[in-house]
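For the numbers below, each heavy atom of this structure counts, side chains included, while hydrogens, waters and symmetry mates do not. Note that the coordinates shown come from a computational prediction; the quantities given were computed from them, not determined experimentally.
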Amino acid sequence: MLNHNQLRNGTRVEIDGLPWIIISAQFVKPGKGQAFTKIKIKNLIDGRVIDRTYKSSESVSKADVMDKNMQFLYSDGSFWHFMDPSNYEQVAVTEKQIANVINWLKEEETYQVTLWRGKPIAVTPPPFVVLKITVCEPGVKGDTVSGATKPATMETNAVVKVPLFVNEGEMIRVDTRTGLYVERAKS
């Protein structure tokens, strides 16, 4: 159990039988009356964001959530399968659970899978991934405008804006948090 003063950003709590993560916490001690903590929490299953207030006499359960590094194996169209390389245990994730990261999934890469009570609820990609460009228009010779970009389709079907000097078939590093091009990568 966590007291109201232990509620901090990034803490995972269980409220109403569901796992949540605290995205902002504000401790308030009014001049008169009881201290309280206002928190903004995000549901780890469906992504809802709500506000809650806890008085100093109240406590919250810590969520039984665990993060595991797992290797993405394949998709069968309905489920996306991940494997724990240490014990070869596999879990399947639905399309709804990976909707935000589906453009960054590459077979045999390692991702962080969040498990709640042993069941997968979310997948987090690494901050940077190296992807191959499959479709990209050639750069226009003489177009030297600083910062000019063109769209490029990756092997995972993600579309990333790349500088004009980058061509089809090259490997690039992409920031998965922003979806932006970082640099060319060696293959």
With no hydrogens and no angle check, is any side-chain donor or acceptor of Q90 less than 3.5 Å from a backbone partner on M83? no
Report, as yes or no, whether the 6.0 Å neighbourhood of atom CD on E58 holds more than 12 heavy atoms from other residues, nucleotides or ligands. yes
Do other residues, nucleotides or ligands put more than 12 heavy atoms under 6.0 Å from K150 NZ? yes
Heavy-atom closest contact ([X] atom, [Y] atom, distance):
X: N69; Y: D84; answer: O-OD1, 4.2 Å
X: K55; Y: F36; answer: CA-CB, 4.1 Å
X: S56; Y: Q34; answer: OG-NE2, 3.1 Å
X: V130; Y: E155; answer: O-OE2, 4.3 Å
X: W104; Y: T176; answer: NE1-O, 3.6 Å
X: L180; Y: V160; answer: C-CG1, 4.2 Å

Which is it for N3 and S59 under the side chain to side chain donor-acceptor pair (under 3.5 Å) test, yes or no, and what are the steps along the way? CA-CA 5 Å; N3 295 327; S59 60; 5.3 Å; no
In terms of hydrophobic clusters joined by side-chain contacts under 4.5 Å, are L44 and W80 together? no
If hydrophobic clusters are built from ILVMFWY residues whose side chains come within less than 4.5 Å, do I45 and V65 share one? yes
Parallel under 30°, tilted from 30 to 60°, perpendicular over 60°: which one fits the rings of F72 and Y111? perpendicular
Mind checking salt bridge (Lys or Arg N to Asp or Glu O under 4.0 Å) for R184 and listing every partner two or more places apart, or none if nothing turns up? E170
Of all pairs that satisfy side chain to side chain donor-acceptor pair (under 3.5 Å), the ones with a partner from residues 116-137, not counting sequence neighbours: E14-R117
